[in-house]
Number of protein chains: 2
Amino acid sequence: MATTIDDVARAAGVSTSTVSYVLSGKRPISAPTRQRVERAIRELGYRPHAGARALASSRTNVLALMAPLRVDVNVSVIMQFVTGVVTAARAYDHDVLLLTADEVAGMERVASGSMVDALVMMDIEADDPRVPVLVGLRQPAVLIGLPRDPEGLSCVDLDFEAAGRLAVRHLARRGHRRVALLGSPRAVLERHTSYADRMLRGFTQEVADAGLEGVTEPCESSMAGAVEAVDRVLERLPDVTGLVVHNEVALPWVVATLRERGRHVPDDVSVVAVCPPDVATNQPLPLTSVDIPAHTIGKVAVEMAMARVEADEPAETRLLAPVLVERASTGTVVG
Amino acid sequence: MATTIDDVARAAGVSTSTVSYVLSGKRPISAPTRQRVERAIRELGYRPHAGARALASSRTNVLALMAPLRVDVNVSVIMQFVTGVVTAARAYDHDVLLLTADEVAGMERVASGSMVDALVMMDIEADDPRVPVLVGLRQPAVLIGLPRDPEGLSCVDLDFEAAGRLAVRHLARRGHRRVALLGSPRAVLERHTSYADRMLRGFTQEVADAGLEGVTEPCESSMAGAVEAVDRVLERLPDVTGLVVHNEVALPWVVATLRERGRHVPDDVSVVAVCPPDVATNQPLPLTSVDIPAHTIGKVAVEMAMARVEADEPAETRLLAPVLVERASTGTVVG
DNA sequence: CGTTGCCGTCGAAGCGATTCGATGCTCGGG
DNA sequence: CCCGAGCATCGAATCGCTTCGACGGCAACG
């Protein structure tokens, strides 16, 4: 079990460095030698010791992922980010160390302890306190989200601003003149979480540009929160005809509440959801939605991180263009 | 940045071993010396190199968590397991390496590569192919779930069998004679996933013991699946009065479908959910439920793993007793 | 036929910690 | 006054791997 590279070398009748080069491919090894070594590796069931490797090469083949593991919001979206990151990391022969967002010291610990080659951070806020810390680290970091000042870090996310505009434009084109945004919970907005801020901005701007009438309401991630938010919207803008909903958990309750208040979807009110496609389709009425490609974003984040690990390319910011899929929840305003 | 233990030793005017002993506390160090060393550590911002430490001590302070990151089922439960594991691990000064369940080779990789001190596996099946592999590893493993034969591994889980009995007994005590179980998706059952099997067994046995009439139906985790499952139950047992639902995602649709089919909850049909409390309460009607204490289970799993790392205690199996909380969805059958 | 140059392999020096014996003190007891 | 026992500290070996310079042999070249 505790076989070392020396055991392999002995078994294959070569030096340890030769074994190492067979493994890494960093120097040419003749075919016969390579085969002898590979056979020895196989027969002994040899695996290099990760710690020793990290020590000698100063590469750990691990990357840190800091995820908001609170249960409050969009759990399924988070899950998709995480799977995206994990599977992409494996493609680069890396494993993923999971850090929780409430442990800010964690990233310093794993980074200065040389436990990881790079860091991926989710749930970025406008003035995220983690950003300055990340800047000082030896390892590259990728932010999923967009702080006010990236300070030279790489960022990737859905272009939520464009997503907001897109949703409004979709409604406007269908003749809607009074629209509302049911957004993130108040706490998320007050933290100035990047995606919530940008969504709000995109919505507001397009409403203004298109000369529409619009209101925005925060929405807690619960049934009660959804009911309350819908009622507030109906109170502030009684003849609203278009609703943009950016809150997974509230989504089903929003639609249900509208119906209870006598508004039929899509005949009276059109609904555009901003969520992963599976959430949009797994509703009584399949919802027109702007996709949140969480899995892809996670994957891209890893790719950007790896690019900076392998060749220290400059940081960049990538915003994925939103895509709207029309389903059964949006219609045209007649008259 | 790249400060080593030697830098610290030099700055404090002591030998490297002294610094090491200050850090680990494994040998007595006089107060003045300790303070000089601690000061040097602080001023240099020194952190031990994880790889070097792992190499020398053969302890990595990392544990592996294998989680089913498919999006299909009970995402929020999984999330709670994960947070439970991560926070508990931190209490033991460990970090968590996240493995996906679809990569069975992963656990061998991280274990024989000495990347982790222990492994925690979620989503165990009756004849889980991972079990024999885990048995052969150097590191201890803890299963969340109960395979047919644990082969000397530690196991921990909610006692789902007792949970099933408890739910049925609750209904029986209230006069229900015809009950049904809406369980896991067919795929989960066919894999003989531990919790689903045991739930089913507990339900079935208690139905028999109490002399009730009972049917069980699998239930896909979607709205369509819930509707279908409810309809099947109503077809097989038209005058059913008690329903045990063990499927987070389907839960809201089950209740909604019952209402649509003209059965009022709890007047016509009582519903007992098996899920975390927050899911049960965040419904239009607060649901009587048997709690799934995912966070606690994750925590216990880590504690068991750490116990075996630090002192190799024998393996044990721990089943947490279920607790039923009565809310608004269950009533008494009159007449 | 003697060089030059390249290819494949080896040896040894780290990487940054832990840990075990050894050592120099001081202190108390005989 | 000397010796043994502790206590605090040190030195050196060790963990398992990577990597760089060196080296032997063979082919091609003049």
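No hydrogens, no waters, no symmetry mates; every other heavy atom, side chains included, goes into these values. Order of the sequence lines fixes the chain letters, A, B, ..., with proteins taken first and strands second; residue numbering starts at 1 for each chain.
- B:R53 places its CZ atom 20 Å from the P atom of D:dC17, with the value rounded to the nearest Å.
- At whole-Å resolution of the value, OH in B:Y46 and C1' in C:dA17 are 7 Å apart.
- No donor-acceptor pair closer than 3.5 Å links the side chain of B:S194 to the backbone N or O of B:P147.
- Distance NE2 (B:H49) to P (C:dT18): 12 Å, rounded to an integer number of Å.
- Counting heavy atoms from C-beta on, the side chains of A:V131 and A:D149 never come closer than 4.5 Å.
- Terminal axes of the helix from C:dC1-D:dG30 to C:dG30-D:dC1 (five pairs each, C1' rotation axis) are separated by 50°, to the nearest 10°.
- Which of C:dT9, C:dG14, D:dA8 sits closest to the side chain of A:A56 comes down to C:dG14.
- One can place CD1 of A:I5 at 11 Å from C1' of D:dT19, the figure rounded to the nearest angstrom.
- Atom-to-atom, CD1 of B:I29 to P of D:dG6 comes out at 19 Å; the value is rounded to the nearest Å.
- Judged by distance alone, with hydrogens and angles left aside, the side-chain atoms of B:D95 form no donor-acceptor pair with the main-chain N or O of A:V110 at under 3.5 Å.
- No donor-acceptor pair under 3.5 Å is formed between the side chain of B:Q139 and the backbone N or O of B:D117.
- Of the listed nucleotides (D:dC17, C:dT19, C:dA17), C:dT19 has the atom at the smallest distance from the side chain of B:K26.
- Within residues 7-23 of chain B, the residues approached by DNA chain C to less than 4.0 Å at the level of any non-hydrogen atom are B:S17, B:S20, B:Y21, in residue-number order.
- Residues that satisfy the side-chain contact (heavy atoms from CB on, under 4.5 Å) test with A:P293, not counting sequence neighbours, are A:L158, A:D291, A:T296, A:I297, A:L320.
- Here the side chains of B:M115 and B:V62 are not in contact, with every heavy-atom distance at 4.5 Å or above.
- Judged by distance alone, with hydrogens and angles left aside, the side-chain atoms of B:D128 form a donor-acceptor pair with the main-chain N or O of B:R130 at under 3.5 Å.
- Heavy-atom contacts from other residues, nucleotides or ligands closer than 6.0 Å to CZ of B:R39 number 12 or fewer.
- Side chain of A:T60 to backbone of A:A54: no donor-acceptor contact under 3.5 angstrom is found.
- Between B:A31 and B:L55, the residue whose closest nucleotide on DNA chain D is further toward the 5' end is B:A31.
- Rounding to whole angstrom units, CG of residue A:D6 and C1' of C:dG11 are separated by 12 Å.
- Contact annotation for A:R59: no contact, since no heavy-atom pair falls under 4.0 Å across all strands.
- Distance B:R27 CZ to C:dC20 C1': 6 Å, rounded to the nearest Å.
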